[in-house]
Amino acid sequence: MSYTIKTAEQYKQAYQHSIEDPEGFWAEVAGHFFWQKTWDKVLEWDFRKPELKWFIGAKLNITENCLDRHLATKGDQTAILFEPNDPAAPNRSYTYRQLYESVCKTANALKANGIQKGDRVCFYMPMVPELAIGVLACARIGAIHSVVFAGFSANSLADRIKDATCKMVICSDYNDRGAKHIIVKDVVDEALAMGCDSVKTVLVHRNTGGKINWREGRDKWWHEEVDHQSHACPAEPMDAEDMLFILYTSGSTGKPKGVVHTCGGYMVYTCYTFQNVFQYEDDDIYWCTADIGWVTGHSYIVYGPLLAGATTVMFEGVPTYPDASRFWQVCEKLRVTQFYTAPTAIRALMAHGDQYVEGFDLASIKVLGSVGEPINEEAWRWYYDKVGKGRAPIVDTWWQTETGGILISPLPGITPSRPCYATYPLPGIQPCLLDQEGREIEGNDVEGLLCIKFPWPSILRTTYGDHERCRQTYFAPFDNYYFTGDGARRDADGMYRIIGRVDDVINVSGHRLGTAEIENAINTHPQVVESAVVGYPHDIKGQGIYAYVITSAPVADDNTFRHELLDAVSKVIGPIAKPDKIQIVSGLPKTRSGKIMRRILRKVASGDTSSLGDVSTLLNPEVVDEIIDGALNE
Ligand code: 7RM
């Protein structure tokens with residue numbers, strides 16, 4: 001596509017253009033898409049409300065851009081290439097025409113089951129093509145999808161279904177993931193028993209087959225509802241600012257928020273960034289190993305690649321099954337050209353040893369991507385040397401659920417890459433660093449709170465059902481800025497290095513979790529009086545979860561108690577949120593106003609007790625020594 005940047009000079013020009021005339025710049029990019037009606041105005045914005053509107057008055061359907069638009073030229077090209085969990089099972093694939101027809105049939109099945117424009121549909125499924133098809137089917141008819149990562153518990157699923165008052169849940173019967181066999185449908189049944197009154201239908205995709213529990217009238221088989229439908233379904237005309245999807249993400253307080261993205265801006269931005277960051281060319285095979293339950297899967301497995309007419313791989317399995325060579329075996333087999341994964345996966349595979357990557361023919365790989373958390377230098381080097389064989393540039397892509405797409409990243413082979421650096425902002429992105437008082441820190445070789453000064457097309461529009469919370473979280477901390485929650489450094493060359501979250505959000509194996517959420521889960525245990533959760537550096541996971549727990553009475557059996565806590569967390573949130581370390585304490589260090597001094601807890605958890613600072617002003621300075629002593633045993 002003509003808007004693809006190919007040289008450093010073009011990057012500079014595009015960036016300059018995007019800053020001097022953002023509306024002109026984005027109108028030009030948007031001109032490459034199919035709009036049923038073009039916009040009256042490109043942008044209206046006010047960070048203080050916030051009000052964020054792109055391509056005002058325009059009509060479109062994102063699926064016409066993902067599918068219909070490609071049929072004439074790419075009808076027979078593979079759109080989705082499915083790699084199942086079992087390496088011996090055959091690949092399944094969908095050409096653009098087959099995908100188009102499957103999406104239309106599914107869209108007709110949704111309509112036949114009462115789903116209309118604006119209705120919310122929840123997905124709780126493994127990484128099978130039907131998940132992408134279902135999501136696109138929603139978009140086809142203007143229903144709003146809310147995908148919940150299938151690793152979350154019934155409780156979490158119920159919370160999300162209720163928050164969005166979903167009318168339908170789409171799930172699988174079972175899921176084989178690695179060596180595990182998970183009864184997905186049972187989790188949905190359990191969630192629906194928690195008062196999800198809005199759900200009228202559960203559409204069940206038969207994945208592995210086998211007997212499952214069934215509620216007549218409510219539960220319906222995907223194949224029975226979809227297979228007989230017509231493979232033509234008109235694309236619902238959507239306003240550019242109509243909701244496309246909700247995706248829940250953890251914050252520093254309370255329950256996860258439903259981040260809302262809308263049709264027009266999200267389409268333009270995900271496609272533009274996909275093209276430029278991955279430099280996708282005809283006949284390339286692009287593979288992003290994320291799960292569609294996270295934003296990376298939404299933007300860079302489904303929408304971005306399909307909008308760009310790419311071949312996108314969907315992987316059902318895990319990196320270490322049957323062994324730690326699975327990724328490389330698949331890269332070799334499918335001739336993958338762009339490979340996009342998370343640092344935690346790289347570190348885990350690195351720890352298994354080089355023998356698992358050596359000996360595979362990875363010459364097809366042109367670009368390596370990293371996302372989700374800071375990538376440490378050692379992992380970066382290993383990725384570059386062992387996987388890319390020193391030939392493939394790494395793009396360290398920084399972005400968030402709220403940003404919809406990548407904001408800061410190198411362009412491979414075009415702008416410089418450097419270990420640990422997301423480097424420079426993409427066109428249209430105006431990052432800055434603020435100090436605690438909200439003053440902009442000018443110049444280079446500085447550190448501060450990462451904010452963005454100007455909107456981009458896929459910035460979140462609101463948090464579902466609670467606009468004030470959106471304002472409070474992202475726009476109120478600093479007047480007239482979008483606050484990312486991350487700290488960053490700008491080096492002497494003006495390159496950005498993301499340091500990590502400055503709020504009470506932790507990043508565990510690339511999964512974003514709120515410490516408050518985990519504390520609430522721990523506190524459901526009847527013997528727990530109070531708890532405090534912090535992150536600490538972890539070799540593989542990036543951050544590990546450290547829980548300090550106060551109990552009402554000495555625990556009778558330490559081991560049993562710990563297991564009960566882990567079970568409680570699994571039940572309330574999901575296994576991904578289980579603490580790595582639990583320390584029972586008699587008190588938590590608090591200020592005189594009763595605030596937990598998390599700074600101290602973080603230091604102790606990281607094993608660094610050299611510089612705790614002055615603790616004498618605490619309400620209970622004596623607990624600090626106790627905590628330090630106890631931590632040594634963990
Ligand atoms: C895409 C995604 C967002 C948080 C974000 C950061 C961290 C993401 C990088 C990164 C350093 C990166 N969405 N993060 N990418 N930190 N370098 N390249 O992960 O909403 O789940 O998480 O993840 O802290 O704020 S997310």
Side-chain angles (χ1 to χ4, degrees), residues 147-149 151-152 245-252 256-261 266 269-270 273-274 277 288-304 340-347 368-377 379-380 383 394-410 417-426 429 431 449-452 458-460 463 473-474 477 482-489 495-515 517 535 537 541-543 576-577:
V147 182
V148 176
F149 175 60
F152 280 118
F245 67 84
I246 305 168
L247 185 58
Y248 286 85
T249 195
S250 296
S252 49
K257 298 180 278 283
V259 168
V260 170
H261 285 290
Y266 180 83
Y269 196 78
T270 53
T273 52
F274 172 76
V277 172
C288 167
T289 69
D291 192 290
I292 293 176
W294 311 110
V295 74
T296 305
H298 280 65
S299 301
Y300 299 109
I301 295 177
V302 182
Y303 286 113
Y340 191 26
T341 197
T344 187
I346 300 167
R347 287 190 298 263
L368 293 171
S370 173
V371 61
E373 50 177 321
I375 177 165
N376 50 308
E377 178 143 11
W380 197 99
Y383 200 28
I394 295 179
V395 289
D396 179 354
T397 64
W398 174 82
W399 58 297
Q400 311 176 294
T401 306
E402 296 87 341
T403 69
I406 299 165
L407 298 197
I408 307 183
S409 170
S417 291
R418 182 180 301 170
C420 309
Y421 281 80
T423 74
Y424 296 112
L426 296 181
I429 306 307
L449 304 169
L450 181 61
C451 292
I452 318 283
S458 65
I459 186 173
L460 87 162
T463 46
T473 311
Y474 307 105
Y482 167 79
F483 175 50
T484 66
D486 280 318
R489 144 154 228 99
M495 276 192 181
Y496 285 90
R497 173 184 187 151
I498 311 303
I499 298 164
R501 302 290 305 197
V502 294
D503 53 10
D504 292 318
V505 169
I506 55 177
N507 200 320
V508 182
S509 301
H511 300 320
R512 177 171 158 182
L513 297 164
T515 53
E517 267 178 279
K541 299 180 176 187
Q543 280 187 296
I576 53 174

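A quick note: this is a predicted structure, and the numbers were derived from the prediction, not measured. Numbering of ligands and ligand atoms starts at 1, following listing order. Counting begins at 1 with the first residue of the sequence.
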Undergrad: For Asp396 and Trp380, does a side-chain donor sit closer than 3.5 Å to a side-chain acceptor?
TA: no
Undergrad: At a heavy-atom distance under 4.0 Å, which protein residues reach ligand 1? Sort them by chain and number, would you?
TA: Val295, Thr296, Val371, Gly372, Glu373, Pro374, Asp396, Thr397, Trp398, Trp399, Gln400, Thr401, Asp486, Ile498, Arg501, Asn507, Arg512
Undergrad: With sequence neighbours excluded, tell me which residues meet ring-ring contact (aromatic ring centres under 6.0 Å, His included) with Tyr340.
TA: Phe278
Undergrad: Ring centres under 6.0 Å, that's the criterion: do Tyr248 and Phe152 meet it?
TA: no
Undergrad: How are the rings of His261 and Phe245 set to each other: parallel, tilted or perpendicular (split at 30° and 60°)?
TA: tilted
Undergrad: Tell me, please, which residues at least two apart from Pro537 pass side-chain contact (heavy atoms from CB on, under 4.5 Å).
TA: Ser606
Undergrad: Can you list the residues that meet the side chain to side chain donor-acceptor pair (under 3.5 Å) rule with Thr296, with sequence neighbours excluded?
TA: none
